Q: 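I'd like to ask some things about the structure below.
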Amino acid sequence: MSWPQGYGKRVLTEVDSTLDEAARIAPTLAGPEWILALRQTKGRGRRGRAWNDPTGNLAATLVLRPQEPPEQVALRSFVAALALYDACVTVTGRSEGLALKWPNDVLLNGGKLAGILLESAGHGGGVTHLAIGIGVNLVQTPPSDWLEPGSVWPVSLMSETGVQVDPESFLDALADAYDHYETQFTTYGFAPIRTAWLARAAKLGEVISARTATSETVGTFETVDGAGNLVLNTAKGRVTIPAADVYF
Ligand SMILES: O=C(O)CCCC[C@@H]1SC[C@@H]2NC(=O)N[C@@H]21
């Protein structure tokens, strides 16, 4: 596997968070850059949660400077989720048990294998940089006291498949897959990404629950629309949800 052309790579022994490092280096970058940390001291997850990444797991962030409207930039969470899925297939040689959970977790055998957190900065309605933070439980899962009640149980690639892969080798597969989907996205737009994502979606057609800080919507997972929103068929009709945590 070859490292994709045009992408830089930095490997850090230790950093607070690769997302913080992304914000620090973004203004100096001439092109996309992957940052891999062998250890994060202040890793973070979605909705302000801490992210625990024990040694041997992947903690990486891709920094981009896309010249696009914010709503287009945000669709890269689906691009990244597809790349993560493919990287898992590449390193394990199998796709059985892998699925994507809206908005952007990767599940393996029903457990949470990986998560994605997008952060961006901008001014004047534009995005100056996008940071796609990715954590993968390659060899270890976080301790159980890190888990939120009702959250998907974490699994590791090693425990579920017996395959042990180091973070740098996984990043090689991930960067290669990301490059493929990024090209597809910038060439053809969101449509093929959406189709590919839906083909790998967990619980499509089944009843799920989408919770925000203030509401819960229960309904049949109908689709993800062209803007990346979750679409549920509920007792009160079709509901479109831009952001939420999903529970099965
Ligand atoms: O809550 C989630 O599921 C998203 C987790 C994202 C974790 C990754 S690890 C690399 C990057 N740096 C961080 O501090 N967080 C992301």
Side-chain angles (χ1 to χ4, degrees), residues 1 3-4 7-29 31-64 76-77 80-81 83-88 90-92 98 101 104-108 111-121 129-148 151-179:
M1 193 177 319
W3 184 257
Y7 286 76
K9 175 165 72 165
R10 304 177 187 211
V11 180
L12 309 173
T13 310
E14 182 178 293
V15 73
D16 42 4
S17 158
T18 53
L19 287 163
D20 290 330
E21 182 69 5
R24 288 188 287 264
I25 69 167
T28 68
L29 294 178
E33 185 90 8
W34 281 99
I35 304 165
L36 174 71
L38 302 184
R39 189 173 117 80
Q40 292 187 124
T41 55
K42 279 191 195 160
R44 56 180 175 270
R46 294 177 64 230
R47 303 191 177 277
R49 297 172 191 129
W51 180 263
N52 173 293
D53 49 348
T55 308
N57 285 357
L58 180 103
T61 290
L62 172 63
V63 200
L64 300 170
R76 284 204 174 60
S77 67
L84 251 180
Y85 183 105
D86 279 17
C88 292
T90 300
V91 300
T92 63
L98 282 167
K101 175 174 177 273
N104 44 30
D105 285 346
V106 179
L107 305 182
L108 179 54
K112 177 161 172 167
L113 176 67
I116 299 171
L117 176 60
L118 260 61
E119 293 184 351
S120 61
H129 86 263
L130 171 71
I132 306 172
I134 298 174
V136 185
N137 301 328
L138 292 179
V139 292
Q140 294 190 64
T141 52
S144 52
D145 54 344
W146 281 67
L147 302 179
E148 286 203 346
S151 63
V152 177
W153 197 254
V155 294
S156 77
L157 199 67
M158 191 164 82
S159 66
E160 298 302 306
T161 67
V163 173
Q164 185 169 0
V165 58
D166 63 86
E168 258 203 90
S169 304
F170 190 88
L171 181 65
D172 286 349
L174 178 60
D176 191 47
Y178 185 89
D179 180 43

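Being a predicted model, the structure only gives us computed values, none of them experimental.
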Q: When you look at Leu113 and Val136, which way does the side chain to side chain contact (heavy atoms under 4.5 Å, CB included) test go after all the steps?
A: CA-CA 6 Å; Leu113 176 67; Val136 185; 4.3 Å; yes
Q: Are any non-hydrogen side-chain atoms of Thr90 and Asp176 less than 4.5 angstrom apart?
A: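 Side chain of Thr90 against side chain of Asp176, heavy atoms only: no contact under 4.5 Å found.
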Q: Is any NZ, NE, NH1 or NH2 atom of the basic residue among Arg46 and Asp105 found under 4.0 Å from an Asp or Glu carboxylate oxygen of the other?
A: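 Salt bridge: no.
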Q: Could you check Phe170 against Leu84 for side chain to side chain contact (heavy atoms under 4.5 Å, CB included), going step by step and ending with a plain yes or no?
A: CA-CA 9 Å; Phe170 190 88; Leu84 251 180; 3.9 Å; yes
Q: Donor-acceptor pair, distance only, cut-off 3.5 Å: does the side chain of Asn57 make one with the backbone of Val139?
A: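 Pair found, side chain donor or acceptor close to backbone of Val139.
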Q: Drop me the distance from Ser120's OG to Leu64's CG, to the nearest 0.5 angstrom.
A: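 Ser120 atom OG to Leu64 atom CG measures 11.5 Å (nearest 0.5 Å).
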Q: Determine, step by step, whether Thr18 and Gln40 satisfy the side chain to side chain donor-acceptor pair (under 3.5 Å) criterion, reporting the C-alpha distance in whole Å, the side-chain angles of both residues, the deciding distance to 0.1 Å, and the verdict.
A: CA-CA 7 Å; Thr18 53; Gln40 292 187 124; 3.3 Å; yes
Q: Which distance, rounded to the nearest 0.5 Å, do you find between the OG1 of Thr61 and the CG of Leu118?
A: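 The CG atom of Leu118 is 9.5 Å from OG1 of Thr61, to the nearest 0.5 Å.
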Q: Looking only at non-hydrogen atoms, find the nearest pair between Gly56 and Pro167 and report the distance.
A: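 Shortest heavy-atom separation between Gly56 and Pro167 comes out as O-CG, 3.6 Å.
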Q: Which atom names give the shortest non-hydrogen contact between Glu33 and Lys9, and what distance separates them?
A: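 Closest approach of Glu33 to Lys9: OE2-N, 3.6 Å.
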Q: Set out, in order, the CA-CA distance, both residues' side-chain angles and the distance that settles side chain to side chain contact (heavy atoms under 4.5 Å, CB included) for Leu29 and His129, then state yes or no.
A: CA-CA 10 Å; Leu29 294 178; His129 86 263; over 6 Å; no
Q: Out of curiosity, Leu107 CG to Leu98 CG, how far, rounded to the nearest 0.5 Å?
A: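 If we round to the nearest 0.5 Å, Leu107:CG and Leu98:CG are 9.0 Å apart.
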Q: Evaluate side chain to side chain contact (heavy atoms under 4.5 Å, CB included) for Asp172 paired with Trp34, printing each intermediate quantity in order.
A: CA-CA 10 Å; Asp172 286 349; Trp34 281 99; over 6 Å; no
Q: Measure the CE-OG1 distance between Met158 and Thr141 for me, rounded to the nearest 0.5 Å.
A: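 Taking CE in Met158 and OG1 in Thr141, the distance rounds to 10.0 Å.
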Q: Where is the tightest heavy-atom contact between Ala131 and Leu19, given as atom of each residue plus distance?
A: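 Closest approach of Ala131 to Leu19, heavy atoms only: CB-CD2, 3.8 Å.
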Q: If we ignore hydrogens and angles and just use 3.5 Å, is the side chain of Asp16 paired with the main-chain N or O of Thr41 as donor and acceptor?
A: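 Absent.
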Q: CG/Asp53 to CD/Gln140 distance, rounded to the nearest 0.5 angstrom?
A: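 CD of Gln140 is found 10.0 Å from CG of Asp53.
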Q: Tell me whether Asn137 contacts the main-chain N or O of Val155 through its side chain, where contact means a donor paired with an acceptor under 3.5 Å.
A: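 Side chain of Asn137 to backbone of Val155, a donor-acceptor pair under 3.5 Å: yes, one is there.
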Q: Residues two or more places apart in sequence or in another chain: which of them pass salt bridge (charged side-chain N to carboxylate O under 4.0 Å, His left out) with Asp20?
A: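 With neighbours one apart ignored, the set is Arg44.
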Q: Starting at CG of Leu38, measure out to CD of Glu14 and round the result to the nearest 0.5 Å.
A: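 The CG atom of Leu38 sits 10.0 Å away from the CD atom of Glu14.
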Q: Might you point out which heavy atoms bring Ala80 and Ile132 nearest each other, and give the distance in Å?
A: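 Minimum heavy-atom separation between Ala80 and Ile132: CB-CG2, 3.7 Å.
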Q: Between Ser17 and Arg24, what is the shortest heavy-atom contact and its length?
A: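 Minimum heavy-atom contact is O-NH2, 4.5 Å.
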Q: Out of the candidates Leu62, Val11, Val63, only one should pair with Ile35 under the side-chain contact (heavy atoms from CB on, under 4.5 Å) rule; please name it.
A: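 Only one of Leu62, Val11, Val63 forms a side-chain contact (heavy atoms from CB on, under 4.5 Å) with Ile35, namely Val63.
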Q: Could you pull out all residues at least two apart from Asp166 that satisfy side chain to side chain contact (heavy atoms under 4.5 Å, CB included)?
A: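 Side chain to side chain contact (heavy atoms under 4.5 Å, CB included) list for Asp166, sorted by chain: Glu168, Ser169.
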Q: What's the shortest heavy-atom distance between Ser77 and Ile116, and which atoms?
A: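 Looks like O-CD1, 4.0 Å.
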